[in-house]
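Working notes, structure below.
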Protein chains: 2
Amino acid sequence: MLSAGLPEGTMPKLERPGPLRERVYEALLELITTRALRPGQHLVESELAQHLGVSRQPVREALQRLNTDGWVDLRPAQGAFVHEPTEDEADQLLTVRTLLEAEAARLAAVNADAAGVAELEDLCGRGEAAVGGEEVEKVVEANAAFHARVMALAGNAVLAELARQVDRRVRWYYTPVARQRGAQSWIEHRELIAAIAGKDEQRAVEVMREHTEHTRRSYHERERG
Amino acid sequence: MLSAGLPEGTMPKLERPGPLRERVYEALLELITTRALRPGQHLVESELAQHLGVSRQPVREALQRLNTDGWVDLRPAQGAFVHEPTEDEADQLLTVRTLLEAEAARLAAVNADAAGVAELEDLCGRGEAAVGGEEVEKVVEANAAFHARVMALAGNAVLAELARQVDRRVRWYYTPVARQRGAQSWIEHRELIAAIAGKDEQRAVEVMREHTEHTRRSYHERERG
DNA sequence: ACTCCGTAGACTGTATCCAATAGCCAGTCG
DNA sequence: CGACTGGCTATTGGATACAGTCTACGGAGT
């Protein structure tokens, strides 16, 4: 084995652009989450294909995945439409999120080691810094990263996959309220870290549940805020 | 409106075959769950296409969905392989299932009405009848139907969608142990119905959690059984 | 005997082409 | 004047053809 002595990170991984359909998927998702494509809008395969500089095929495959993930509604022989979220649906989504995240918090408390806690501290620091700044997008991103890290510490791949799907959609709803939530959210994150570091399962669950419920309430009150 | 007087069920709906990719998806899933396609097996698009009498296109799309749903692993430039489940993964899956089903039981207890309870009773009866018979497949099917009904009563579409994915894979693991679980499982179902009918949230959660945990333990002890 | 290189085969991934379907608008008949 | 019917258009859905890439096997050289 010649490669035995080579360090891990030094090989640039030979940047393979990955399947085109994946990149199209990501691109469209970006356009949807940034509201460049608005809810209810009619998406035409050929237009998207031309706009992205690829053929229709990858666009089709991407749209189908977006359909199964709940981002677009695919009406037969008519086209794809950006999904319009309803109040009920948002509520259900946030309910499920509470469930998944609470379980993740519990498992994280069970499994966490010093290194894991340190990572969370680090992310929390970055998040708090972002709150001070102007860019809402940064805050939302940091928030997602923090929750993803907790999920990773839980060590349940199936749970993580489900949460990934749910959280991404929650992020879409969350963006408008991120500003008002702001600082309070990161205080709660700190409490969560403390519970995890202390391996206090019950407390971790409670903190996380309360935290996500706050987010839910903020969402429902978003117009009046 | 000429069609006003026509009864609802009389028009045979003109059996619309629906998108081909969907049928291919279902067909392949059937082949996987019945173990006609064994774990680790290499799936070749052109072979499947020819075998099913369709072109490669729908097969591709079906395989991609199977990939995102965790049924096959899609290795770039190499092909699709039927996913081989590991012990860890099964455990994680059953853990998540416990979580989702318990929440569903709670919500069902909150929302249930007389009609809903009656439906559960009915399904339970069918299930008990199936246990008496010989066909394991029938039992597994009845079990899935029962859990699906509870999920429907919960009235959370997002939760239901997640559970649908998870349960289908659980079903795959469950089949081998269905025979040993058999009757005991349906006794627990009866208890669950009682809890739901009595709108006892806490008890519904406990019963369901215990029920799914039993299944998990049965799975881990399957070889020795 | 082992390793390295070259070549051949096969599969995936992408682009183009044709057919089928739903929606819409105008025209026509009652 | 209203409602139905016909054709028209735009778009998806499925099939086919083509190019790029990875793997595996076999032979030659050390």
Side-chain angles (χ1 to χ4, degrees), chain A residues 1-6 11-28 31-32 37 40-69 71-84, chain B residues 1-6 11-28 31 37 40-69 71-83:
Chain A
M1 255 256 203
L2 260 177
S3 59
L6 294 177
M11 197 116 39
K13 254 336 178 5
L14 206 39
E15 178 162 1
R16 198 180 319 201
L20 197 49
R21 58 173 180 278
E22 289 294 329
R23 286 187 292 170
V24 172
Y25 175 88
E26 295 295 337
L28 290 179
L31 289 175
I32 292 175
L37 298 175
Q41 185 168 345
H42 187 184
L43 302 180
V44 180
E45 290 180 1
S46 43
E47 285 180 11
L48 295 175
Q50 187 176 351
H51 192 270
L52 295 171
V54 298
S55 105
R56 265 183 55 208
Q57 188 86 358
V59 175
R60 278 183 60 171
E61 294 172 353
L63 283 177
Q64 303 203 358
R65 238 189 99 190
L66 287 169
N67 179 43
T68 67
D69 290 355
W71 290 101
V72 305
D73 299 322
L74 219 49
R75 286 194 275 192
Q78 190 170 356
F81 295 81
V82 179
H83 181 73
E84 337 197 24
Chain B
M1 253 257 204
L2 259 176
S3 60
L6 294 177
M11 197 116 39
K13 258 325 178 17
L14 204 40
E15 175 159 4
R16 196 180 321 201
L20 200 48
R21 57 176 182 274
E22 289 295 328
R23 287 187 292 170
V24 173
Y25 175 86
E26 294 296 336
L28 290 179
L31 290 175
L37 298 175
Q41 185 168 344
H42 187 186
L43 301 180
V44 179
E45 288 182 3
S46 45
E47 286 179 10
L48 295 175
Q50 187 175 352
H51 191 269
L52 295 172
V54 299
S55 116
R56 269 183 46 216
Q57 184 93 356
V59 174
R60 276 180 62 119
E61 291 169 347
L63 284 177
Q64 297 191 10
R65 239 190 97 190
L66 288 169
N67 178 42
T68 66
D69 290 355
W71 289 101
V72 305
D73 299 322
L74 219 49
R75 286 193 276 192
Q78 191 168 357
F81 296 81
V82 179
H83 181 73

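- Rounded to whole Å, atom C1' of D:dT11 lies 13 Å from atom CZ of A:Arg75.
- Expressed to the nearest 0.5 Å, how far CD of A:Gln41 lies from CG of A:Leu31 amounts to 9.5 Å.
- Among the protein residues, A:Leu63 comes within range of no part of the nucleic acid, since none of its heavy atoms lies under 4.0 Å from any strand.
- Mapped onto DNA chain C by nearest heavy atom, A:Pro76 and A:Glu61 fall at different nucleotides, with A:Glu61 at the one closer to the 5' end.
- Comparing atom distances between the A:Val44 side chain and each of D:dT12, C:dG13, C:dA15 picks out D:dT12 as nearest.
- Other residues, nucleotides and ligands place more than 12 heavy atoms under 6.0 Å from the NE2 atom of B:His42.
- The nearest whole Å value for the distance from the CD atom in B:Gln78 to the P atom in C:dG13 is 11 Å.
- Counting only heavy atoms from C-beta on, B:Leu20 has its side chain closest to D:dG14 among D:dG14, D:dA15, C:dC11.
- Side-chain proximity of A:Val54 to C:dA15, C:dT14, D:dG14: nearest is C:dA15.
- Remark: DNA chain D takes part in the stems C:1-30 with D:1-30, each of 3 or more antiparallel Watson-Crick or G-U pairs, criterion distances under 3.5 Å.
- When distances run from any side-chain atom of A:Ser55 to the nucleotides C:dA15, D:dG14, C:dT12, the shortest one goes to C:dA15.
- The CD atom of B:Gln41 sits 14 Å away from the P atom of C:dC11 (whole-angstrom rounding).
- Rounding to whole angstrom units, CG of residue B:Leu74 and P of C:dT12 are separated by 8 Å.
- Considering CZ of B:Arg21 and CD of B:Gln57, their distance stands at 9.5 Å, rounded to 0.5 Å.
- Distance CZ (B:Arg21) to P (D:dG14): 6 Å, rounded to an integer number of Å.
- A:Gln57 places its CD atom 11 Å from the P atom of C:dG13, with the value rounded to the nearest Å.
- One finds a salt bridge joining B:Glu22 and B:Arg65 here, because a Lys/Arg side-chain nitrogen approaches an Asp/Glu carboxylate oxygen to under 4.0 Å.
- Taking CD from A:Glu61 and CG from A:Leu20, the interatomic distance works out to 9.5 Å, rounded to the nearest 0.5 Å.
- Nucleotide C:dT14 holds its P atom 9 Å from the CD atom of B:Gln64, rounded to whole Å.
- To the nearest 0.5 angstrom, A:Gln64 atom CD is 11.0 Å from B:Arg60 atom CZ.
- Put simply, CG on A:Leu63 and CZ on A:Arg56 are 10.5 Å apart, with the number rounded to the nearest 0.5 Å.
- Nearest nucleotide to the B:Pro58 side chain, out of C:dG13, D:dA15, D:dT12: D:dA15.
- The structure places OG1 of B:Thr68 at 9.0 Å from OH of A:Tyr25, a figure rounded to the nearest 0.5 Å.
- Residue contacts shown for A:Leu43 are limited to sugar-phosphate atoms, with no base heavy atom under 4.0 Å away.
- Counting distance only, with no hydrogens placed and no angle test, the side-chain atoms of A:Arg60 and the base atoms of D:dG14 include a donor-acceptor pair under 3.5 Å.
- Heavy atoms of B:Arg56 sit under 4.0 angstrom from at least one base atom.
- Counting to the nearest Å, the C1' atom of D:dT12 and the NE2 atom of A:His42 are 9 Å from each other.
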